[in-house]
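For reference, the structure discussed in these notes is given below.
Just the heavy atoms: all of them, side chains too, but no hydrogens, waters or symmetry mates, feed the values below. Order of listing sets the numbers, starting from 1, for every ligand and every atom in it.
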Amino acid sequence: LIYGVAGDGFYVTMEAGARAKAEELGVDFIADGPAQFQATLQVPILDAIIAQQPDAICIAATDRIALIEPMRRAYDAGIHMISVDTFIGDTAGDYTTPELDWMLSYIGSNNVDGGEIGCSAIVDAMGGSGKFYIQTTQPGVSTVEQRVEGCEKAIAATNGAVELIGMDYNDDNSATAAEQTSAVLASNADLGGIFGTNLFSARGAAQAVANAGLTGAVKVAAFDAPEDAIVALNDGIVDIVIAQHPYEMGQVCIEYAMAAINGEPEKIEKRYPTGYTIITRDNVDTEEAQQSIYKSQ
Ligand code: T6T
């Protein structure tokens, strides 16, 4: 498993799911990933793994385009290739196209839907009108790009009643996200809603709202469910937490890898969408919500 960045609860949870399934199936499993969410750091890790000649690789590509060639190298070296979380290419994760049909599968959330769910909830919480702002990580990352697309759909559905006043790229860094959000709050006293497209974006956005004393006045949708997002939800800083199912992504990835190795392609779907658990203050204490909180180690 080559994940997107070390120390991110989302990937920590994915690795736990993959490791548990690997133990169950007797798979020799290793996981590695870059210290920052960056293609230039991830590609050398991929190359080092290719050199070890594994039978299969599950990878969360940190860039839709930059990882195509390096991943193709792995395939050409005889390794079964599976995308987990993010996809490569510009066909929205469709791996049936001739350019990408060497990819076995894309296992991950429906991110357009996720963005739309989060932003529709915030639009509602804003009473259907007002100013909206998006915190996201980097261009070229399939997941967050699709979440922005879904969010823009929710905003467009208001026919202009909600106005998207801006979007900033925080480079997957919550301190940067907090700084950028603070600046936007300072110059837009009437901001109504914010969408943080991933764990670090949402963490920074929530911190900035709390620091500005705007808890409750500015509604926040947090993509991803680390423990601190749940604390922020309970404190009224965040209004909706969209929990992905990274543990399942890790498990399915190992199952698919084994199916490929055992010559059972009928067990592999080209697209395996994992679902969401939508957490609000109404259901946060349910077992389902509590179980969907990401592991931190
Ligand atoms: O949101 C997840 C993941 O889906 C995305 O591709 C990158 O950011 C996270 O890992 C959360 O930090």
### Task
Answer yes or no for Arg147: is there a heavy-atom contact with ligand 1 below 4.0 Å?
yes
### Query
Is Arg147 close enough and on-axis enough to Phe223, meaning under 6.0 Å and within 45°, for cation-pi?
yes
### Heavy atoms of other groups near Lys270 NZ, more than 12 under 6.0 Å
yes
### Query
Can Ile278 be reached from Met126 by stepping across I, L, V, M, F, W or Y side chains whose heavy atoms are under 4.5 Å apart?
yes
### Task
Among Tyr247, Tyr3, Phe10, find the residue that satisfies the side-chain contact (heavy atoms from CB on, under 4.5 Å) test when tested with Glu15.
Tyr3
### Query
Counting from 1, what ligand 1 atoms have a heavy atom of Leu199 closer than 4.0 Å?
11 (C), 12 (O)
### Query
Any non-hydrogen atom of Phe223 lying under 4.0 Å from ligand 1?
no
### NZ/NE/NH1/NH2 to OD/OE distance under 4.0 Å, Lys131 and Glu163
no
### Task
Go through ligand 1 atom by atom and flag the ones less than 4.0 Å from a non-hydrogen atom of Asn198.
1 (O), 7 (C), 8 (O), 9 (C), 11 (C), 12 (O)
### Query
In ligand 1, which numbered atoms sit nearer than 4.0 Å to a non-hydrogen atom of Thr143?
5 (C), 6 (O)
### Query
At what distance is the nearest protein heavy atom to atom 10 (O) of ligand 1, and which residue and atom is it?
Asp8 OD2, 2.7 Å
### Message
For atom 1 (O) of ligand 1, what's the nearest protein heavy-atom neighbour? Residue, atom name and distance, please.
### Response
Asp224 OD2, 2.5 Å
### Task
Tell me which protein heavy atom sits closest to atom 7 (C) of ligand 1, plus the residue, atom name and distance to 0.1 Å.
Tyr11 OH, 3.7 Å
#### Entry: Element-labelled atoms of ligand 1 that are located less than 4.0 Å from some non-hydrogen atom of Gln244
1 (O), 2 (C), 3 (C), 4 (O)
### Query
Can you check whether Thr62's main-chain N or O pairs, donor with acceptor, with Gln42's side chain at less than 3.5 Å?
yes
### Task
May I ask you to list the atoms of ligand 1 that are less than 4.0 angstrom from any heavy atom of Phe200?
12 (O)
### Task
Give the numbers and elements of all ligand 1 atoms closer than 4.0 Å to a heavy atom of Thr86.
6 (O)
### Task
Find out whether the Lys NZ or Arg CZ of Arg271 is both under 6.0 angstrom from the six-membered ring centre of Tyr106 and within 45° of the ring's axis.
yes
### Query
Only one of Thr136, Val141, Thr143, Val144 clears side-chain contact (heavy atoms from CB on, under 4.5 Å) with Asn198; which?
Val144
